[in-house]
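Beneath this line is the structure, given in structure tokens, with notes to follow.
Order of listing sets the numbers, starting from 1, for every ligand and every atom in it.
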Amino acid sequence: MDERGLTELQRALIDAAPDTVGVDAAGMSRRQLLTSGLALSAWRMLGMAVPMARFAPVGLLPVASYAAASGEVIATAQAAQALSGPLAIAGKQGLRLLNDRPLNAETPAHLLADAITPTKALFVRNNGVPPVNVDPATWSLRVHGEACETPRTFSLAQLRSEFKSATLQLQMECGGNGRSEFRPRASGNQWSTGAVGCPEWTGARLADVLKACGVTRRAKYVAYVGADTHLSGDPNKQPISRGVPIGKAMEKESLLAYALNGGSVWNLHGAPLRMVCGGWPGSVSGKWVTEILIRDREHDGPKMGGKSYRVPSLSVAPGTKVDDKDMRIIESMPVKSLITFPESGVRTIRSTELAVRGQAWAGDNRVKAVDISIDFGATWQRTELSRPANRLAWQQFETKIAFQQPGYYEVWARARDDQDRMQPMIVPGWNPKGYLNNACHRVAVQVV
Ligand SMILES: Nc1nc2c(c(=O)[nH]1)N[C@H]1C(S)=C(S)[C@@H](COP(=O)(O)O)O[C@H]1N2
Ligand SMILES: [Mo]
């Protein structure tokens with residue numbers, strides 16, 4: 001057997017074919033069944049036995065090569081330097097930088113093992129430039145809009161004293177998480193798996209604040225305005241202003257949060273005040289909130305229309321041009337899971353038990369079961385699944401597994417929600433902006 005480890009293999013694959021590994025001319029996804037010679041040569045490059053090879057779907061690429069191509073490992077010296085050098089993000093640890101203007105960084109799967117995501121590991125997704133010199137003492141929140149009976153302005157102190165506080169763990173995933181896997185490519189940050197987290201937020205219930213300002217019968221949508229500024233520098237332009245239908249806003253888990261993981265909200269995450277609506281695309285959870293609008297119509301702020309945070313109402317063939325009128329707004333996110341241990345590329349010894357652990361979440365719903373497979377989906381093993389800390393918190397799964405033969409294995413995890421919807425193995429529903437990829441997470445394991 002070859003002496004090369006998986007990390008080394010991943011590097012070799014990048015060097016050999018930086019842009020071609022897994023990408024075929026027809027624009028199919030890497031995970032789809034390729035008939036080209038690429039898949040075969042990628043398996044050959046593993047240079048080790050594949051004990052479950054007889055179950056591998058024809059044309060499937062080993063995740064070891066796939067991870068390399070999607071950048072799941074920090075493969076280049078340049079990238080490594082970006083993380084430790086001047087571009088490192090203050091207070092954050094081990095995040096992978098996708099863009100520095102606006103700042104976007106994702107969390108490697110193995111750093112999401114905690115039930116409550118520590119702030120230092122929480123992904124960052126900015127559309128514009130965060131406000132500077134924010135002073136919580138003078139911050140104010142204005143609640144108004146067509147369907148607001150008595151517009152009011154609150155200081156943070158008033159929000160704290162006038163309303164009961166709630167502390168909840170809320171899963172938040174960027175609508176574009178997993179975008180890097182779509183073919184043809186979708187423009188935007190090339191997130192792999194790390195634009196998700198589930199920290200603990202404390203704040204006033206959005207519903208309580210709305211009720212204190214009078215919600216009229218005409219209320220349809222609740223939207224935020226943030227204090228961040230547009231990348232162009234134009235003070236008349238907002239980077240983003242989105243929201244949720246009134247029903248979601250009134251749920252008891254929707255918060256106006258003034259604390260994160262027991263401390264203050266960090267500037268990058270929307271200090272001093274942030275709207276949090278768990279289970280929906282992260283973009284509905286407004287940061288640096290200065291205004292809440294109770295609208296009598298669907299909100300029409302920046303990034304509500306066009307292709308932003310919208311998918312085709314009916315599925316389309318990859319690469320199709322879709323008219324804006326045929327797009328619908330993304331609401332609850334789909335069921336998904338992430339293997340947080342082992343880390344892809346781990347080496348283990350045969351016949352010894354290895355713990356497999358991870359997180360699972362399902363938008364507005366609950367996760368009913370998570371199964372794992374080490375034989376390319378031929379057989380599945382049920383894991384132990386925790387209850388969510390509260391509604392809209394993610395759930396932890398865990399099981400033990402032993403690999404009988406030396407060689408290359410993949411661990412696949414597949415979650416199912418309480419509506420019996422399951423994660424697909426291959427990238428689902430191509431859409432112009434690459435949202436909602438909830439394909440199963442795969443990690444590579446080398447057994448010696
Ligand atoms: N004001 C404002 N709110 C915002 C954004 C933003 O750019 N500006 N980004 C949104 C998007 S797209 C996501 S995914 C989440 C990211 O939250 P985080 O950076 O705290 O992880 O915030 C949302 N709220
Ligand atoms: Mo997002």
Side-chain angles (χ1 to χ4, degrees), residues 89-92 95-107 111-112 117-132 134 139 141 170-179 186-191 193-201 203 223-232 237-244 254-257 259-261 263-293 299 301-304 307-311 329-331 333 363 433-437:
I89 309 164
K92 294 288 180 183
L95 263 57
R96 195 169 75 85
L97 197 68
L98 299 182
N99 195 353
D100 63 335
R101 197 173 184 281
L103 187 64
N104 285 281
E106 70 173 331
T107 318
L111 296 182
L112 288 171
T117 308
T119 312
K120 66 172 195 280
L122 194 57
F123 77 100
V124 180
R125 198 302 184 230
N126 289 342
N127 287 267
V129 184
V132 288
V134 163
W139 193 267
L141 171 74
L170 298 167
Q171 36 100 356
M172 186 167 71
E173 180 179 18
C174 180
N177 197 22
R179 174 177 294 136
S187 64
N189 289 292
Q190 295 299 304
W191 304 106
T193 59
V196 63
C198 188
E200 190 182 77
W201 297 95
Y224 66 84
V225 175
D228 47 343
T229 52
H230 199 266
L231 282 177
S232 65
K237 273 189 174 168
Q238 293 170 331
I240 186 170
S241 166
R242 305 196 69 245
V244 292
S254 294
L255 300 181
L256 277 169
L260 167 58
N261 288 332
S264 352
V265 179
W266 289 17
N267 177 265
L268 282 175
H269 299 297
L273 189 68
R274 167 167 210 175
M275 181 165 145
V276 189
C277 293
W280 284 39
S283 54
V284 303
S285 293
K287 306 198 272 192
W288 312 288
V289 176
T290 55
E291 290 174 55
I292 290 287
L293 305 170
H299 183 54
K303 307 221 170 169
M304 282 299 298
K307 306 273 182 292
S308 297
Y309 305 103
R310 283 148 59 96
V311 290
I329 298 175
I330 299 168
E331 300 200 330
M333 293 290 286
K433 288 283 283 168
Y435 297 119
L436 304 182
N437 176 7

Between ligand 1 and the protein, tabulate every N or O atom pair separated by less than 3.5 Å, reporting distance only.
| unit_1 | atom_1 | unit_2 | atom_2 | d |
| --- | --- | --- | --- | --- |
| ligand 1 | 1 (N) | Asp228 | OD1 | 3.1 |
| ligand 1 | 1 (N) | Asp228 | OD2 | 3.3 |
| ligand 1 | 1 (N) | Lys287 | O | 3.0 |
| ligand 1 | 3 (N) | Lys287 | N | 2.9 |
| ligand 1 | 7 (O) | Asn127 | N | 2.7 |
| ligand 1 | 7 (O) | Asn127 | ND2 | 2.9 |
| ligand 1 | 8 (N) | Asp228 | OD2 | 2.6 |
| ligand 1 | 9 (N) | Arg125 | O | 3.3 |
| ligand 1 | 9 (N) | Asn127 | ND2 | 3.1 |
| ligand 1 | 17 (O) | Arg274 | NH2 | 2.9 |
| ligand 1 | 19 (O) | Arg125 | N | 2.9 |
| ligand 1 | 19 (O) | Lys287 | NZ | 2.5 |
| ligand 1 | 20 (O) | His269 | ND1 | 2.7 |
| ligand 1 | 20 (O) | Arg274 | NH1 | 2.6 |
| ligand 1 | 21 (O) | Phe123 | O | 2.7 |
| ligand 1 | 22 (O) | Arg274 | NH2 | 3.0 |
| ligand 1 | 24 (N) | Ser285 | O | 2.9 |

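For the pair His269 and Val124, the minimum side-chain heavy-atom distance is below 4.5 Å.
Without hydrogens or angle criteria, Thr290 side chain to Val225 main chain gives a donor-acceptor distance under 3.5 Å. A donor-acceptor pair under 3.5 Å links the side-chain atoms of Asn99 to the main chain of Arg101, judged by distance alone. At least one donor-acceptor pair under 3.5 Å links the side chain of Lys287 to the backbone N or O of Leu268.
In this structure, the separation between OG1 on Thr117 and CD on Glu200 is 11.0 Å, given to the nearest 0.5 Å.
Enclosure of atom NZ in Lys303 by more than 12 non-hydrogen atoms of other residues, nucleotides or ligands within 6.0 angstrom is indicated.
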